[in-house]
Amino acid sequence: MTSIGNFIGGEWRPAQSGATLENRNPADTSELIGTFADSSAADAELAIAAARRAFDQWRLFPAPKRAELLFKAAQIIASRKEDLARDMTREMGKVLDETRGDVQEAIDMTYFLAAEGRRLHGQTAPSELRDKFAMSLRQPIGVCSMITPWNFPMAIPSWKIIPALVCGNTVVLKPSELTPLSAVHFVKVLDEAGIPPGVVNLVTGGPAVGEVLTTHPDVSVVSFTGSTAVGKLVNQNAAPHFKKVHLEMGGKNAIMIMDDANLELALEGCLWGGFGTTGQRCTAASRVIVHERVHDRFVEAFVARASALRVGNGLEPSTQMGPSISERQLQKVISYVEIGRQEGATIACGGRRLTGGAFDAGFFHEPTVFTGVTPSMRIAREEIFGPVVSVLKCGSVDEAVGIANDVAYGLSCSIYTQDINRAFKAMRDVYTGIFYVNAPTIGAEVHLPFGGTRATGNGHREAGLAALDVFSEWKSIYVDFSGKLQRAQID
Ligand code: NAD
């Protein structure tokens with residue numbers, strides 16, 4: 001059992017108040033993973049001050065040298081992948097294959113964006129005037145605060161920290177209070193790789209820390225991933241200081257299955273998309289919209305396979321689906337099952353908390369499929385973030401696209417079809433940030449932009465080269481070597 005403090009200015013120290021929070025295994029709450037600093041506003045302020053001081057030097061540290069340190073960090077993470085994944089399963093609950101994937105995503109992101117240290121390209125352009133040179137370049141912005149959720153405990157911090165660092169910014173990270181350990185591991189690796197003191201700071205705790213990170217005048221960028229409700233608050237809190245705010249929020253993603261689809265493939269996709277990570281992915285396929293001609297056949301097979309999923313502790317090799325992250329999250333799932341029942345949808349399988357034996361020590365729920373769902377039901381519109389999939393019927397690709405678009409969110413969507421015309425139509429007409437053909441709604445790769453529209457995001461993108469746009473600002477520079485006044489648009 002470990003007791004871990006905040007990392008501020010290159011030193012580990014407890015919360016100034018001495019308060020701590022417990023991190024327990026959601027598959028077995030008798031296992032205490034560790035105690036962490038339950039920080040207050042004062043700790044967050046110290047971290048911001050350290051990041052502010054470090055910025056003056058880090059921004060001048062040559063970008064290719066920043067990259068060398070980040071490559072080293074990627075190598076260290078890769079060398080510890082298995083241990084990091086095991087710790088993540090213990091604190092977060094998802095199965096080992098998935099936590100290995102989470103760590104791999106951090107490795108991939110670090111290698112991919114570290115390489116930008118030797119690019120960070122700007123543009124040169126001809127001037128409209130003689131003997132004048134024009135160019136643009138990316139500038140670091142300053143202190144970036146990062147507020148992250150619990151479902152990707154290492155991947156999401158890496159998506160934010162690595163592009164921020166390569167651009168020359170300094171960082172204060174506040175991970176979810178439910179999964180601080182993986183964030184601590186990540187920050188320790190960065191320190192070991194030689195990132196100078198104060199460049200990366202970590203403050204664990206809850207909303208009190210988050211609020212300072214979104215309002216403090218010395219914070220220039222706020223990068224938030226979490227629920228739409230908290231994202232809205234973050235946006236409002238950051239607005240008076242004109243901070244750059246990057247929001248990645250909730251989703252209500254749909255898989256559309258056409259009558260010509262390879263149904264076995266679609267079935268595999270729906271099981272993975274709907275119940276992978278216990279449905280606790282922002283990109284989870286919580287809606288399946290099936291063509292009426294194949295609906296009954298699909299539902300029969302889907303229900304059989306969903307009810308056969310092996311639920312349990314993610315460290316057991318046979319487990320296919322782990323627990324919900326917390327009692328609170330599990331209660332949310334239970335309440336939505338009740339809402340669906342009252343709305344008149346049919347519980348085709350699942351629908352109950354799992355109890356008895358080892359289940360009593362954790363937050364387990366049966367994989368649940370609702371049929372007879374209509375687009376206006378709350379279970380078809382609101383993010384549940386658990387192992388609950390709503391099946392809706394459609395009569396055409398146009399109707400499916402209409403249903404897919406008819407929610408507040410716009411993160412990910414997919415279509416199963418053999419018909420290229422339908423695939424391209426859906427690709428064009430579904431208003432999401434991510435779209436898949438003949439694959440589920442999950443499976444993003446780090447070198448493409450990641451994010452969503454409407455209540456999912458505010459126009460920025462994580463990952464890909466788009467991440468650089470969040471963490472840098474363009475400066476246009478004109479050099480006049482004519483020795484005389486030249487007036488643009490006039491001379
Ligand atoms: P959450 O909104 O409850 O918490 C997210 C983070 O915000 C946590 O670190 C939390 O401590 C912090 N926070 C809470 N109140 C705050 C406040 N007032 N000010 C500042 N920070 C505050 O979300 P969660 O339960 O941790 O995560 C699940 C949500 O995250 C889901 O809605 C999911 O869709 C979303 N998510 C989105 C993406 C994406 O890329 N779009 C990825 C993963 C998760």
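Just follow the structure's listing: the first ligand is 1, and inside any ligand the first atom is 1.
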Participant: Can you pull out the closest protein heavy atom to atom 40 (O) of ligand 1? Residue, atom name and distance to 0.1 Å, please.
Facilitator: F450 CE2, 3.2 Å

Participant: Give yes if a backbone or side-chain nitrogen or oxygen of F224 is under 3.5 Å from a nitrogen or oxygen of ligand 1, and no if not.
Facilitator: no

Participant: Could you check whether K243 and S145, counting side-chain N and O atoms only, form a donor-acceptor pair closer than 3.5 Å?
Facilitator: no

Participant: Indicate yes or no for a side-chain donor-acceptor contact from R80 to the backbone of V189 under 3.5 Å, with no hydrogens or angles considered.
Facilitator: no

Participant: Could you tell me whether ligand 1 has any atom less than 4.0 Å away from a heavy atom of I325?
Facilitator: no

Participant: Evaluating non-hydrogen atoms only, which member of A183, S176, G210, A444 is closest to atom 20 (C) of ligand 1?
Facilitator: G210

Participant: Considering only the protein, which heavy-atom contact is closest to atom 24 (P) of ligand 1, and what is its distance?
Facilitator: W150 NE1, 3.4 Å

Participant: Heavy atoms only, cut-off 4.0 Å: how does T148 contact ligand 1, side chain, backbone, both, or neither?
Facilitator: backbone

Participant: At a 4.0 Å threshold, what atoms of ligand 1 neighbour a non-hydrogen atom of I147?
Facilitator: 6 (C), 7 (O), 9 (O), 12 (C), 20 (C), 21 (N)

Participant: So which of R353, R352, R310 actually passes salt bridge (charged side-chain N to carboxylate O under 4.0 Å, His left out) with E366?
Facilitator: R352

Participant: Could you check which of T214, V230, T225 puts a non-hydrogen atom nearest to atom 5 (C) of ligand 1?
Facilitator: T225

Participant: Whether the N23 and E91 side chains hold a donor-acceptor pair (N or O, under 3.5 Å, no angle test) is what I'd like checked.
Facilitator: yes

Participant: When you look at D83 and R86, which way does the salt bridge (Lys or Arg N to Asp or Glu O under 4.0 Å) test go after all the steps?
Facilitator: CA-CA 5 Å; D83 288 346; R86 284 190 166 271; 6.0 Å; no

Participant: Between P149, G226, S412, which one has a non-hydrogen atom sitting closest to atom 35 (C) of ligand 1?
Facilitator: G226

Participant: Using heavy atoms and a 4.0 Å limit, tell me yes or no: is F385 in contact with ligand 1?
Facilitator: yes

Participant: Using distance alone, determine whether T456 and ligand 1 share an N or O pair under 3.5 Å.
Facilitator: no

Participant: Is it the case that the side chains of T278 and S324 hold a donor-acceptor pair, with the cut-off being a distance below 3.5 Å and no angle test?
Facilitator: no

Participant: I need the contact type for L213 against ligand 1. Using non-hydrogen atoms and a strict under-4.0 Å cut-off, is it side chain, backbone, both or neither?
Facilitator: neither

Participant: What protein heavy atom sits nearest atom 31 (C) of ligand 1, and how far away is it?
Facilitator: E383 OE1, 3.4 Å

Participant: How many angstroms lie between CD1 in I76 and CZ in F186, if you round to the nearest 0.5 Å?
Facilitator: 11.0 Å

Participant: Is the contact between E177 and ligand 1 made by the side chain, the backbone, both, or neither, using heavy atoms and a 4.0 Å cut-off?
Facilitator: side chain

Participant: In terms of the angle between their ring planes, are F471 and H246 parallel, tilted or perpendicular, with boundaries placed at 30° and 60°?
Facilitator: perpendicular

Participant: Can you tell me how far apart CG (N237) and OG1 (T214) are? Round to the nearest 0.5 Å.
Facilitator: 4.5 Å

